[in-house]
Amino acid sequence: MTSVTVKAGEGNALNVLGMPLRFLCDAEVTKGGWSLMEEEIPVGLGPPPHRHDWDEAYYVIEGALDFEIDGKPVRIEAGDFAYLPRNTVHAFKGASPSPARVLIFAVPAHSSAFFEDLNREVRTVPDDLAKVPAIGQRHGIEFMPAPTPAGPPTA
């Protein structure tokens with residue numbers, strides 16, 4: 001393996017659904033062992049509930065995120081950490097007025113290719129959002145179906 005040094009503002013920068021994401025160390029460098037990303041998550045933005053077959057850990061540098069982890073709400077703020085084992089159903093959204101800055105550690109590094117495909121294939125939001133579930137499926141990410149609203153009682 002080769003040593004890597006990434007200076008502030010450097011690294012492979014992507015735009016993932018309107019959120020800047022920068023790979024500090026990607027799958028290619030670690031031969032798929034792990035990856036480390038820094039993401040900026042504006043208030044109200046973030047992925048819907050999903051699960052995948054790799055572990056993730058989140059460390060909030062600035063701001064706050066509202067997570068849903070296995071159906072339970074959890075807020076993590078600057079200095080807080082969350083570990084989500086593989087197959088944990090989770091979602092999160094930015095929860096602070098200025099974008100949250102978050103380090104995301106993934107083991108093994110399966111998410112790198114998913115984020116690169118999102119960056120390449122989803123160019124306009126909301127027009128291209130319908131592509132996201134298929135991109136996720138290609139990379140082993142299962143998005144949970146949206147809840148069905150309760151309708152009026154039938155007679």
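The first residue of the sequence shown is numbered 1, and numbering continues consecutively from there.
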Can you list the residues that meet the ring pair (Phe, Tyr, Trp, His ring centres under 6.0 Å) rule with [X], with sequence neighbours excluded?
| X | value |
| --- | --- |
| Phe23 | none |
| Tyr83 | none |
| Phe115 | none |
| Phe114 | none |

Taking the side chain as every heavy atom from C-beta outward, state whether Ile76 and Val74 have any pair of such atoms under 4.5 Å apart.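 Yes. Closest side-chain heavy atoms under 4.5 Å.
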Please list every donor-acceptor pair under 3.5 Å in which a side-chain atom of residues 97-105 meets a protein atom from a residue at least two apart or in another chain.
{"from": "Arg101", "atom 1": "NE", "to": "Glu38", "atom 2": "OE2", "distance (Å)": "2.8"}
{"from": "Arg101", "atom 1": "NH1", "to": "Glu62", "atom 2": "OE2", "distance (Å)": "3.0"}
{"from": "Arg101", "atom 1": "NH2", "to": "Glu38", "atom 2": "OE2", "distance (Å)": "2.6"}

side-chain contact (heavy atoms from CB on, under 4.5 Å) involving Thr124 - partner list, sequence neighbours excluded: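 Partners of Thr124 by the side-chain contact (heavy atoms from CB on, under 4.5 Å) criterion, ordered by chain and then number, come out as Asp127, Asp128.
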Please identify each residue that fulfils side-chain contact (heavy atoms from CB on, under 4.5 Å) with Glu121, with sequence neighbours left out. Asp117, Ile135, Arg138
Within a reach of under 6.0 Å around CD of Glu28, are more than 12 heavy atoms found that belong to other residues, nucleotides or ligands? no
Roughly how far, to the nearest 0.5 Å, is the CG atom of Leu21 from the CD atom of Glu39? 4.5 Å
Just to verify, what does Tyr59 make a side-chain hydrogen bond (donor to acceptor under 3.5 Å, both in side chains) with, not counting sequence neighbours? none
Should Lys93 and Asp66 count as an ion pair when the cut-off is N to O under 4.0 Å? no
Would you please name every residue forming a salt bridge (charged side-chain N to carboxylate O under 4.0 Å, His left out) with Asp80, sequence neighbours left out?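 Once residues adjacent in sequence are excluded, Asp80 has no partner under the salt bridge (charged side-chain N to carboxylate O under 4.0 Å, His left out) criterion.
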Residue list, salt bridge (charged side-chain N to carboxylate O under 4.0 Å, His left out) with Glu142, at least two apart or on another chain: Arg51
Considering only residues two or more places apart or on different chains, which pairs with a residue in residues 6-15 satisfy side-chain hydrogen bond (donor to acceptor under 3.5 Å, both in side chains)? none
Look at the side chain of [X] and the backbone N and O of [Y], then say whether any donor-acceptor pair between them is shorter than 3.5 Å.
| X | Y | value |
| --- | --- | --- |
| His90 | Thr88 | yes |
| Asp70 | Val89 | yes |
| Ser96 | Ala64 | yes |

Qualifying ring pair (Phe, Tyr, Trp, His ring centres under 6.0 Å) pairs, either residue in residues 119-143, two or more places apart: His50-Phe143
